[in-house]
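I have placed the structure first, in the form of C-alpha coordinates, so that the comments after it can refer back to it.
Letters A, B, ... mirror the listed sequences (proteins, then strands); counts begin at 1.
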Protein chains: 2
Amino acid sequence: MVTITDIASPEDSSVDPFRAGCEPRVLLHTVGDKWVTLVVNMLGDGDARFSELQRSVGGVSRKMLAQTLRTLERDGLVVRTVYTNTPPRVVYSLTPLGRTLLVPLRAVRAWCEQYVDAVSDAQAEFDGRGDVQPAVSGSMPTPAR
Amino acid sequence: MVTITDIASPEDSSVDPFRAGCEPRVLLHTVGDKWVTLVVNMLGDGDARFSELQRSVGGVSRKMLAQTLRTLERDGLVVRTVYTNTPPRVVYSLTPLGRTLLVPLRAVRAWCEQYVDAVSDAQAEFDGRGDVQPAVSGSMPTPAR
DNA sequence: CCGTATCCGCGAGGATACTG
DNA sequence: CAGTATCCTCGCGGATACGG
(Lines give C-alpha, C1' and ligand atoms only; values in the text may rest on other atoms or scores of the structure.)
Protein backbone atom coordinates (compact mmCIF):
# COMPACT_ATOMS: atom_id res chain seq x y z
CA MET A 1 0.00 0.00 0.00
CA VAL A 2 1.22 3.46 -0.85
CA THR A 3 0.21 6.46 1.20
CA ILE A 4 0.37 10.17 0.55
CA THR A 5 3.60 10.39 2.45
CA ASP A 6 5.30 8.40 -0.25
CA ILE A 7 4.67 10.65 -3.21
CA ALA A 8 7.59 12.62 -4.47
CA SER A 9 8.11 16.21 -5.48
CA PRO A 10 5.82 17.66 -8.16
CA GLU A 11 8.51 17.37 -10.81
CA ASP A 12 10.46 20.57 -10.75
CA SER A 13 12.69 20.47 -7.73
CA SER A 14 14.44 23.73 -8.57
CA VAL A 15 11.53 25.98 -7.66
CA ASP A 16 10.53 24.89 -4.21
CA PRO A 17 7.97 26.82 -2.18
CA PHE A 18 9.06 25.09 0.98
CA ARG A 19 12.81 25.55 0.79
CA ALA A 20 13.86 21.97 1.18
CA GLY A 21 15.40 19.06 -0.59
CA CYS A 22 13.44 16.39 1.22
CA GLU A 23 9.98 17.82 0.79
CA PRO A 24 8.43 19.04 4.00
CA ARG A 25 5.51 19.87 1.69
CA VAL A 26 4.57 16.25 1.76
CA LEU A 27 4.73 16.19 5.52
CA LEU A 28 2.67 19.35 5.59
CA HIS A 29 0.03 17.63 3.54
CA THR A 30 -0.09 14.79 6.04
CA VAL A 31 -0.13 17.10 9.01
CA GLY A 32 -2.83 19.29 7.51
CA ASP A 33 -5.05 16.33 6.82
CA LYS A 34 -8.58 16.62 8.15
CA TRP A 35 -8.63 13.51 10.33
CA VAL A 36 -5.00 13.76 11.36
CA THR A 37 -5.50 17.16 12.94
CA LEU A 38 -8.61 16.01 14.75
CA VAL A 39 -7.13 12.76 16.03
CA VAL A 40 -3.90 14.35 17.22
CA ASN A 41 -5.87 17.03 18.99
CA MET A 42 -8.02 14.43 20.70
CA LEU A 43 -5.03 12.35 21.77
CA GLY A 44 -3.53 15.55 23.12
CA ASP A 45 -6.24 15.50 25.75
CA GLY A 46 -5.22 12.01 26.82
CA ASP A 47 -4.78 8.48 25.54
CA ALA A 48 -7.80 6.87 23.98
CA ARG A 49 -9.07 3.61 22.61
CA PHE A 50 -10.19 3.06 19.05
CA SER A 51 -13.88 3.32 19.74
CA GLU A 52 -13.37 6.29 22.03
CA LEU A 53 -11.61 8.11 19.24
CA GLN A 54 -14.31 7.23 16.77
CA ARG A 55 -16.96 8.68 19.03
CA SER A 56 -15.05 11.76 20.11
CA VAL A 57 -13.89 12.70 16.66
CA GLY A 58 -17.34 12.23 15.24
CA GLY A 59 -18.24 11.44 11.68
CA VAL A 60 -15.21 9.33 10.93
CA SER A 61 -15.61 5.84 9.55
CA ARG A 62 -13.70 2.90 11.02
CA LYS A 63 -11.82 2.66 7.78
CA MET A 64 -10.59 6.22 7.78
CA LEU A 65 -9.80 6.19 11.49
CA ALA A 66 -7.75 3.03 11.17
CA GLN A 67 -5.98 4.43 8.13
CA THR A 68 -5.25 7.70 9.90
CA LEU A 69 -3.92 5.96 12.98
CA ARG A 70 -1.72 3.71 10.87
CA THR A 71 -0.19 6.71 9.17
CA LEU A 72 0.41 8.45 12.47
CA GLU A 73 1.96 5.30 13.90
CA ARG A 74 4.19 4.92 10.89
CA ASP A 75 5.27 8.53 11.18
CA GLY A 76 6.27 7.97 14.78
CA LEU A 77 3.65 10.34 16.15
CA VAL A 78 1.43 7.79 17.83
CA VAL A 79 2.01 4.52 19.66
CA ARG A 80 -0.38 1.62 19.63
CA THR A 81 -0.59 -0.55 22.73
CA VAL A 82 -2.45 -3.82 22.48
CA TYR A 83 -3.91 -5.67 25.46
CA THR A 84 -4.64 -9.22 24.39
CA ASN A 85 -7.50 -10.18 26.60
CA THR A 86 -11.15 -10.45 25.76
CA PRO A 87 -12.58 -8.15 24.86
CA PRO A 88 -9.42 -6.85 23.23
CA ARG A 89 -8.26 -3.38 24.13
CA VAL A 90 -6.08 -1.12 22.02
CA VAL A 91 -4.90 2.18 23.39
CA TYR A 92 -3.47 4.95 21.29
CA SER A 93 -1.27 7.69 22.68
CA LEU A 94 1.02 10.41 21.39
CA THR A 95 4.75 9.87 21.32
CA PRO A 96 7.07 12.66 22.48
CA LEU A 97 7.39 13.59 18.82
CA GLY A 98 3.64 13.61 18.49
CA ARG A 99 3.37 15.90 21.44
CA THR A 100 5.68 18.41 19.78
CA LEU A 101 3.28 18.48 16.86
CA LEU A 102 0.47 19.21 19.23
CA VAL A 103 1.83 22.69 19.86
CA PRO A 104 1.54 24.17 16.36
CA LEU A 105 -1.59 22.16 15.68
CA ARG A 106 -3.29 23.67 18.69
CA ALA A 107 -2.20 27.09 17.52
CA VAL A 108 -4.05 26.50 14.27
CA ARG A 109 -7.04 25.17 16.16
CA ALA A 110 -7.02 28.23 18.39
CA TRP A 111 -6.91 30.47 15.35
CA CYS A 112 -9.93 28.72 13.87
CA GLU A 113 -11.89 29.08 17.06
CA GLN A 114 -10.92 32.71 17.44
CA TYR A 115 -11.63 33.84 13.90
CA VAL A 116 -14.42 31.57 12.76
CA ASP A 117 -16.88 34.44 13.19
CA ALA A 118 -14.72 36.92 11.32
CA VAL A 119 -14.40 34.48 8.43
CA SER A 120 -18.09 33.77 8.55
CA ASP A 121 -18.83 37.50 8.32
CA ALA A 122 -16.43 37.91 5.43
CA GLN A 123 -18.15 35.10 3.58
CA ALA A 124 -21.56 36.62 4.18
CA GLU A 125 -20.44 39.97 2.85
CA PHE A 126 -18.72 38.39 -0.12
CA ASP A 127 -21.76 36.35 -1.01
CA GLY A 128 -24.23 39.12 -0.25
CA ARG A 129 -23.47 41.51 -3.06
CA GLY A 130 -22.13 40.73 -6.49
CA ASP A 131 -19.26 42.83 -5.21
CA VAL A 132 -18.68 45.42 -7.90
CA GLN A 133 -14.96 45.84 -7.63
CA PRO A 134 -13.65 49.35 -8.40
CA ALA A 135 -10.78 47.97 -10.45
CA VAL A 136 -7.80 50.29 -10.23
CA SER A 137 -7.30 51.89 -13.62
CA GLY A 138 -3.90 50.92 -14.72
CA SER A 139 -0.76 52.85 -14.64
CA MET A 140 2.57 51.25 -13.96
CA PRO A 141 3.19 49.19 -17.10
CA THR A 142 4.95 46.32 -15.45
CA PRO A 143 7.29 47.26 -12.66
CA ALA A 144 10.06 45.03 -11.35
CA ARG A 145 7.75 43.55 -8.72
CA MET B 1 -21.19 26.75 -6.59
CA VAL B 2 -20.80 25.24 -3.17
CA THR B 3 -17.45 24.98 -1.47
CA ILE B 4 -16.22 22.95 1.46
CA THR B 5 -16.75 25.89 3.74
CA ASP B 6 -20.46 25.53 3.29
CA ILE B 7 -20.94 22.01 4.56
CA ALA B 8 -22.51 21.62 7.92
CA SER B 9 -21.69 19.61 11.00
CA PRO B 10 -21.34 15.84 10.59
CA GLU B 11 -24.75 15.20 12.09
CA ASP B 12 -24.31 14.80 15.80
CA SER B 13 -23.68 18.22 17.27
CA SER B 14 -23.69 16.96 20.85
CA VAL B 15 -20.31 15.26 20.67
CA ASP B 16 -18.04 17.90 19.25
CA PRO B 17 -14.30 17.33 19.04
CA PHE B 18 -13.77 21.01 18.49
CA ARG B 19 -15.86 22.47 21.29
CA ALA B 20 -17.94 24.86 19.27
CA GLY B 21 -21.40 25.50 17.99
CA CYS B 22 -20.39 27.05 14.69
CA GLU B 23 -17.96 24.40 13.53
CA PRO B 24 -14.40 25.59 13.49
CA ARG B 25 -13.75 22.06 12.16
CA VAL B 26 -14.93 23.23 8.81
CA LEU B 27 -12.60 26.19 8.95
CA LEU B 28 -9.82 23.87 10.02
CA HIS B 29 -10.43 21.80 6.94
CA THR B 30 -10.09 24.87 4.77
CA VAL B 31 -7.02 26.12 6.59
CA GLY B 32 -5.37 22.72 6.48
CA ASP B 33 -5.91 22.42 2.75
CA LYS B 34 -2.83 21.62 0.73
CA TRP B 35 -2.85 24.61 -1.60
CA VAL B 36 -4.22 27.04 0.97
CA THR B 37 -1.28 26.52 3.29
CA LEU B 38 1.20 26.91 0.46
CA VAL B 39 -0.42 30.00 -1.02
CA VAL B 40 -0.80 31.78 2.30
CA ASN B 41 2.79 31.02 3.14
CA MET B 42 3.94 32.43 -0.19
CA LEU B 43 1.85 35.57 0.18
CA GLY B 44 3.36 35.94 3.63
CA ASP B 45 6.64 36.67 1.92
CA GLY B 46 5.06 39.49 -0.06
CA ASP B 47 2.28 40.25 -2.51
CA ALA B 48 2.29 38.33 -5.72
CA ARG B 49 0.61 38.08 -9.09
CA PHE B 50 -1.28 35.06 -10.31
CA SER B 51 1.47 33.71 -12.49
CA GLU B 52 4.08 34.41 -9.84
CA LEU B 53 2.10 32.33 -7.39
CA GLN B 54 1.67 29.55 -9.86
CA ARG B 55 5.40 29.37 -10.42
CA SER B 56 6.45 29.77 -6.81
CA VAL B 57 3.98 27.26 -5.45
CA GLY B 58 4.88 24.75 -8.09
CA GLY B 59 2.75 21.93 -9.37
CA VAL B 60 -0.55 23.75 -9.02
CA SER B 61 -2.88 24.01 -11.99
CA ARG B 62 -4.47 27.33 -12.94
CA LYS B 63 -7.80 25.87 -11.99
CA MET B 64 -6.80 24.89 -8.47
CA LEU B 65 -4.90 28.11 -7.87
CA ALA B 66 -7.84 30.23 -8.96
CA GLN B 67 -10.18 28.14 -6.86
CA THR B 68 -7.91 28.43 -3.84
CA LEU B 69 -7.56 32.18 -4.22
CA ARG B 70 -11.31 32.57 -4.58
CA THR B 71 -11.87 30.71 -1.34
CA LEU B 72 -9.25 32.78 0.45
CA GLU B 73 -10.76 35.98 -0.90
CA ARG B 74 -14.23 34.91 0.15
CA ASP B 75 -12.95 34.07 3.62
CA GLY B 76 -11.49 37.57 3.93
CA LEU B 77 -7.92 36.32 4.09
CA VAL B 78 -6.74 37.66 0.75
CA VAL B 79 -7.47 40.73 -1.31
CA ARG B 80 -7.46 40.81 -5.05
CA THR B 81 -6.39 44.01 -6.77
CA VAL B 82 -7.03 44.34 -10.47
CA TYR B 83 -5.12 46.70 -12.76
CA THR B 84 -7.11 47.06 -15.96
CA ASN B 85 -4.45 47.79 -18.48
CA THR B 86 -2.97 45.54 -21.08
CA PRO B 87 -1.57 43.20 -20.27
CA PRO B 88 -3.88 42.87 -17.27
CA ARG B 89 -2.30 42.62 -13.87
CA VAL B 90 -3.84 41.08 -10.78
CA VAL B 91 -2.08 41.28 -7.46
CA TYR B 92 -2.95 39.18 -4.46
CA SER B 93 -2.05 40.10 -0.92
CA LEU B 94 -2.92 39.03 2.57
CA THR B 95 -5.46 40.99 4.59
CA PRO B 96 -4.74 41.78 8.24
CA LEU B 97 -6.85 38.74 9.06
CA GLY B 98 -4.83 36.69 6.64
CA ARG B 99 -1.66 37.83 8.30
CA THR B 100 -2.90 36.56 11.66
CA LEU B 101 -3.33 33.16 10.07
CA LEU B 102 0.23 33.30 8.89
CA VAL B 103 1.50 32.95 12.44
CA PRO B 104 0.11 29.50 13.30
CA LEU B 105 0.58 28.33 9.72
CA ARG B 106 4.25 29.17 9.87
CA ALA B 107 4.50 27.32 13.15
CA VAL B 108 3.22 24.22 11.42
CA ARG B 109 5.56 24.80 8.53
CA ALA B 110 8.47 25.19 10.93
CA TRP B 111 7.51 21.95 12.63
CA CYS B 112 7.51 20.14 9.31
CA GLU B 113 10.93 21.47 8.41
CA GLN B 114 12.32 20.65 11.83
CA TYR B 115 11.01 17.11 12.13
CA VAL B 116 10.86 15.88 8.57
CA ASP B 117 13.96 13.81 9.18
CA ALA B 118 12.65 12.34 12.42
CA VAL B 119 9.43 11.34 10.68
CA SER B 120 11.37 9.96 7.76
CA ASP B 121 13.44 7.82 10.12
CA ALA B 122 10.33 6.60 11.92
CA GLN B 123 8.83 5.57 8.60
CA ALA B 124 11.97 3.74 7.59
CA GLU B 125 12.05 1.83 10.83
CA PHE B 126 8.36 1.06 10.64
CA ASP B 127 8.62 -0.18 7.08
CA GLY B 128 11.91 -1.97 7.59
CA ARG B 129 10.81 -4.82 9.79
CA GLY B 130 7.42 -6.47 9.91
CA ASP B 131 7.54 -5.03 13.40
CA VAL B 132 6.63 -7.92 15.64
CA GLN B 133 4.82 -6.09 18.37
CA PRO B 134 5.25 -7.55 21.89
CA ALA B 135 1.57 -7.12 22.68
CA VAL B 136 1.12 -6.49 26.39
CA SER B 137 -0.49 -9.54 27.93
CA GLY B 138 -3.70 -8.40 29.41
CA SER B 139 -4.46 -7.60 32.93
CA MET B 140 -6.74 -4.74 33.92
CA PRO B 141 -10.18 -5.95 32.72
CA THR B 142 -11.44 -2.57 31.69
CA PRO B 143 -10.49 0.27 34.00
CA ALA B 144 -12.36 3.55 34.16
CA ARG B 145 -9.94 5.12 31.71
C1' DC C 1 -2.00 37.81 -18.88
C1' DC C 2 -5.79 36.11 -16.08
C1' DG C 3 -8.91 33.52 -15.63
C1' DT C 4 -13.71 30.42 -16.46
C1' DA C 5 -16.12 26.37 -18.73
C1' DT C 6 -16.24 21.61 -20.01
C1' DC C 7 -14.96 16.99 -20.12
C1' DC C 8 -13.37 13.01 -17.76
C1' DG C 9 -10.24 9.65 -15.22
C1' DC C 10 -9.06 8.06 -10.90
C1' DG C 11 -8.67 7.50 -6.30
C1' DA C 12 -10.50 8.96 -1.63
C1' DG C 13 -13.64 7.33 1.25
C1' DG C 14 -18.51 5.45 2.82
C1' DA C 15 -21.35 0.98 3.40
C1' DT C 16 -21.30 -3.52 4.32
C1' DA C 17 -19.78 -7.97 5.62
C1' DC C 18 -16.46 -10.81 7.68
C1' DT C 19 -12.28 -12.27 11.11
C1' DG C 20 -9.48 -12.60 15.57
C1' DC D 1 -13.90 -4.70 20.61
C1' DA D 2 -10.79 -3.68 16.87
C1' DG D 3 -9.96 -3.96 12.87
C1' DT D 4 -9.55 -5.87 7.49
C1' DA D 5 -11.54 -6.85 2.83
C1' DT D 6 -14.55 -5.76 -0.91
C1' DC D 7 -17.45 -3.14 -3.58
C1' DC D 8 -18.99 1.10 -5.45
C1' DT D 9 -19.89 5.92 -5.99
C1' DC D 10 -18.87 10.69 -6.32
C1' DG D 11 -16.41 14.61 -6.61
C1' DC D 12 -11.41 16.33 -6.72
C1' DG D 13 -8.51 17.87 -9.73
C1' DG D 14 -5.75 17.57 -14.35
C1' DA D 15 -6.10 18.60 -19.45
C1' DT D 16 -7.89 21.25 -22.82
C1' DA D 17 -10.19 24.95 -24.98
C1' DC D 18 -12.16 29.31 -24.96
C1' DG D 19 -13.27 34.44 -23.26
C1' DG D 20 -11.96 39.25 -21.24
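Of the inter-residue distances, the one linking Q114(B) atom CD with L101(A) atom CG reads 11.5 Å to the nearest 0.5 angstrom. Interatomic distance, CG of D45(A) versus CG of L102(A), reported as 8.0 Å (0.5 Å rounding). Going from atom CZ of R99(B) over to atom CG of L105(B) covers 14.5 Å, rounded to the nearest 0.5 Å. Note: Y115(B) OH to D121(B) CG = 13.5 Å, rounded to the nearest 0.5 Å. A distance of 11.0 Å separates CZ of R109(B) from CZ of R25(A), quoted to the nearest 0.5 Å. To the nearest 0.5 Å, the span separating OG1 on T37(A) from CE on M42(A) amounts to 11.5 Å.
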Dump every N/O contact between nucleotides 8-10 of chain D and the protein below 3.5 Å, one line per pair.
none

Protein-nucleic acid N or O pairs under 3.5 Å, nucleotides 2-5 of chain D:
{"unit_1": "dA2(D)", "atom_1": "OP1", "unit_2": "R49(A)", "atom_2": "NE", "d": "3.0"}
{"unit_1": "dA2(D)", "atom_1": "OP1", "unit_2": "R49(A)", "atom_2": "NH2", "d": "3.1"}
{"unit_1": "dA2(D)", "atom_1": "OP2", "unit_2": "S51(A)", "atom_2": "N", "d": "3.1"}
{"unit_1": "dA2(D)", "atom_1": "OP2", "unit_2": "S51(A)", "atom_2": "OG", "d": "2.6"}
{"unit_1": "dG3(D)", "atom_1": "OP1", "unit_2": "R80(A)", "atom_2": "NH1", "d": "2.1"}
{"unit_1": "dG3(D)", "atom_1": "OP1", "unit_2": "Y92(A)", "atom_2": "OH", "d": "3.3"}
{"unit_1": "dG3(D)", "atom_1": "OP2", "unit_2": "Y92(A)", "atom_2": "OH", "d": "2.6"}
{"unit_1": "dG3(D)", "atom_1": "N7", "unit_2": "R62(A)", "atom_2": "NE", "d": "3.3"}
{"unit_1": "dG3(D)", "atom_1": "O6", "unit_2": "R62(A)", "atom_2": "NH2", "d": "3.4"}

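Side-chain atoms of T95(A) come within 3.5 Å of backbone atoms of G76(A) as a donor-acceptor pair (strictly under, hydrogens ignored). Looking only at distances, no side-chain donor or acceptor of Q123(B) sits under 3.5 Å from a matching main-chain atom of S120(B). Of the possible donor and acceptor atoms, none in the side chain of D75(A) sits under 3.5 Å from a partner among the backbone N and O of L77(A). At distances below 3.5 Å, not a single donor-acceptor pair connects side-chain atoms of Q54(B) with backbone N or O atoms of S61(B).
Helical stems in DNA chain C, defined as runs of 3 or more consecutive Watson-Crick or G-U wobble pairs with both donor-acceptor distances under 3.5 Å, are listed by first residue as C:1-20 with D:1-20.
The pair R49(A)-E52(A) does not meet the salt-bridge criterion, since no charged nitrogen lies less than 4.0 angstrom from a carboxylate oxygen.
One atom, CE of M64(B), and another, P of dG11(D), lie 15 Å apart when rounded to the nearest Å. Distance L65(A) CG to dA15(C) P: 15 Å, rounded to the nearest Å. Here dC2(C) presents its P atom at 10 Å from CG of L53(B), a figure rounded to the nearest Å. Here the C1' atom of nucleotide dG11(C) and the CG atom of D33(A) are 15 Å apart, to the nearest Å. Here the P atom of nucleotide dG13(D) and the CG atom of L38(B) are 13 Å apart, to the nearest Å.
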